[in-house]
Amino acid sequence: MTNHPYHLVEKSPWPLTASLGACCLTTGNVFWFHTFTPTLALAGTIILMLTTIQWWRDVSREGTLQGLHTHKVVTGLKWGMILFIVSEIFFFISFFWAFYHSSLAPAPEIGSVWPPAHISPFNPFQIPLLNTAILLASGVTVTWAHHSLMENNLSQSTTALSLTLILGVYFTTLQAFEYIEAPFTISDSIYGSTFFVATGFHGLHVLIGSSFLLVCLARLTAHHFSGHHHLGFEAAAWYWHFVDVVWLFLYISIYWWGM
């Protein structure tokens, strides 16, 4: 054992199984689209889920039971999370770029108007506004949970985090209802493409953030976190705030301004 503050990870099968699962899921989706056979895609999804559960289990064990997350390691992990969120910001910038490129100078193929003449956009003051209020409220509750945890008030932190999860599930349910009732589809010109790709990927990020917070809730009830050692929760809170801010831009740009 060397005397240094860094964590040199041990050999792990999870990068290999995650790559295998991602390959099966991608290839399986292609088969599903062309042959309507979802077997390989389902297998890839199961492999990725099992890999995620066991990989997170190992990281949780390293940070709690083994004490391998020293101050130096935690600093590096924080920077890793920050850079990951920055990469996600640029991911969504590409969707906004496509939306504004198409809406500020509509092409003749769609009638030189925005939205296109045959498109009936959503009323921004119905479900979209409710979803905005829900996500803003969830940002408040996750901040409440974070500050309660820093004060070692586990009871309040658990309550606030549970409320955040409920709000996240409520948001996803309303968005699914909105998609079902949508008067246009992803194949309805550039409007449908930009709308469903941007809001759909945001919905996917809400699902990922909800699973992240669910893991944190399980770890919180297992007393894995303390007021001074809760990097997993902090990363989840950062990610959730990022999801909130992206939705505000989506609401203002696509639902309200682009109607």
Side-chain angles (χ1 to χ4, degrees), residues 22 25-38 41 82-139 167-210 238-259:
L25 180 59
T26 306
T27 309
N29 280 332
V30 174
F31 276 109
W32 192 1
F33 296 158
H34 288 275
T35 65
F36 304 102
T37 306
I82 290 170
L83 292 174
F84 169 69
I85 291 175
V86 169
S87 72
E88 291 282 86
I89 291 171
F90 281 95
F91 177 74
F92 276 98
I93 283 176
S94 64
F95 301 141
F96 286 107
W97 190 303
F99 174 80
Y100 281 111
H101 174 79
S102 303
S103 60
L104 291 174
E109 289 81 3
I110 61 172
S112 299
V113 293
W114 191 266
H118 65 285
I119 294 292
S120 298
F122 287 103
N123 186 337
F125 302 109
Q126 293 180 347
I127 288 181
L129 183 60
L130 177 58
N131 267 343
T132 302
I134 289 169
L135 274 190
L136 289 176
S138 72
L167 291 170
V169 172
Y170 188 23
F171 175 92
T172 302
T173 304
L174 286 176
Q175 189 171 36
F177 177 76
E178 182 182 67
Y179 279 10
I180 293 171
E181 297 295 320
F184 54 89
T185 68
I186 195 171
S187 60
D188 281 327
S189 75
I190 186 64
Y191 186 92
S193 299
T194 54
F195 176 87
F196 281 105
V197 169
T199 60
F201 268 111
H202 177 267
L204 176 62
H205 282 71
V206 172
L207 288 173
I208 294 171
S210 298
W238 290 352
Y239 189 84
W240 195 255
H241 287 307
F242 157 73
V243 169
D244 288 351
V245 173
V246 169
W247 175 258
L248 287 177
F249 281 98
L250 283 173
Y251 175 75
I252 293 170
S253 300
I254 294 179
Y255 286 99
W256 181 64
W257 180 84
M259 66 179 291

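- Residues Pro115 and Pro121 share a closest heavy-atom pair of CG-CG, 4.1 Å.
- For the atom pair CZ of Phe184 and CD1 of Ile119, the computed distance is 6.0 Å after rounding to the nearest 0.5 Å.
- Side-chain contact between Phe195 and Asp188 is absent, with no heavy-atom pair separated by less than 4.5 Å.
- For Pro116 against Ser189, the heavy-atom pair with the smallest separation is CG-OG, 3.6 Å.
- Contacts of Tyr179 classified as ring-ring contact (aromatic ring centres under 6.0 Å, His included), with partners at least two apart in sequence or in another chain: Phe196.
- Other residues, nucleotides and ligands contribute over 12 non-hydrogen atoms within 6.0 Å of the NE2 atom of His118.
- The shortest non-hydrogen separation linking Thr172 to Leu207 is CG2-CD2, 3.8 Å.
- A distance of 5.0 Å separates CG in Asn131 from CG in Leu174, rounded to the nearest 0.5 Å.
- Summarising the geometry, atom CD1 belonging to Ile186 is positioned 9.5 Å from atom OG1 belonging to Thr194; distances are rounded to the nearest 0.5 Å.
- The ring-ring contact (aromatic ring centres under 6.0 Å, His included) search around Phe177 returns none, not counting sequence neighbours.
- A distance-only check finds a donor-acceptor pair linking the side chain of Ser138 to the backbone of Leu135 [under 3.5 Å].
- Phe171 CZ to Leu130 CG: the interatomic distance, rounded to the nearest 0.5 Å, is 10.0 Å.
- Counting only heavy atoms from C-beta outward, the side chains of Val197 and Phe95 approach each other to under 4.5 Å.
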Using a 3.5 Å cut-off and no angle test, enumerate the donor-acceptor pairs between side-chain atoms of residues 244-258 and protein atoms at least two apart in sequence or in another chain.
residue: Trp247; atom: NE1; partner: Thr132; partner atom: OG1; Å: 2.9
residue: Tyr251; atom: OH; partner: Pro124; partner atom: O; Å: 2.9
residue: Ser253; atom: OG; partner: Tyr100; partner atom: OH; Å: 2.6
residue: Ser253; atom: OG; partner: Phe249; partner atom: O; Å: 2.9
residue: Tyr255; atom: OH; partner: Glu178; partner atom: OE1; Å: 2.8

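- Between the side chains of Gln175 and His202, no donor N or O sits under 3.5 Å from an acceptor N or O.
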For residues 29-36, run the donor-acceptor check on the side chains, cut-off 3.5 Å, and write out each pair with its distance to 0.1 Å, sequence neighbours left out.
residue: Asn29; atom: ND2; partner: Leu25; partner atom: O; Å: 3.2
residue: Thr35; atom: OG1; partner: Phe31; partner atom: O; Å: 2.6
residue: Thr35; atom: OG1; partner: Thr37; partner atom: OG1; Å: 3.3

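- In this structure, OH in Tyr170 is found 5.0 Å from CD1 in Ile134, a value given to the nearest 0.5 Å.
- Residues satisfying the ring-ring contact (aromatic ring centres under 6.0 Å, His included) criterion with Trp114, sequence neighbours excluded, are Phe99, Tyr191.
- Listed by chain and residue number, nothing satisfies the side-chain contact (heavy atoms from CB on, under 4.5 Å) test with Ser94 (two or more places apart in sequence, or in another chain).
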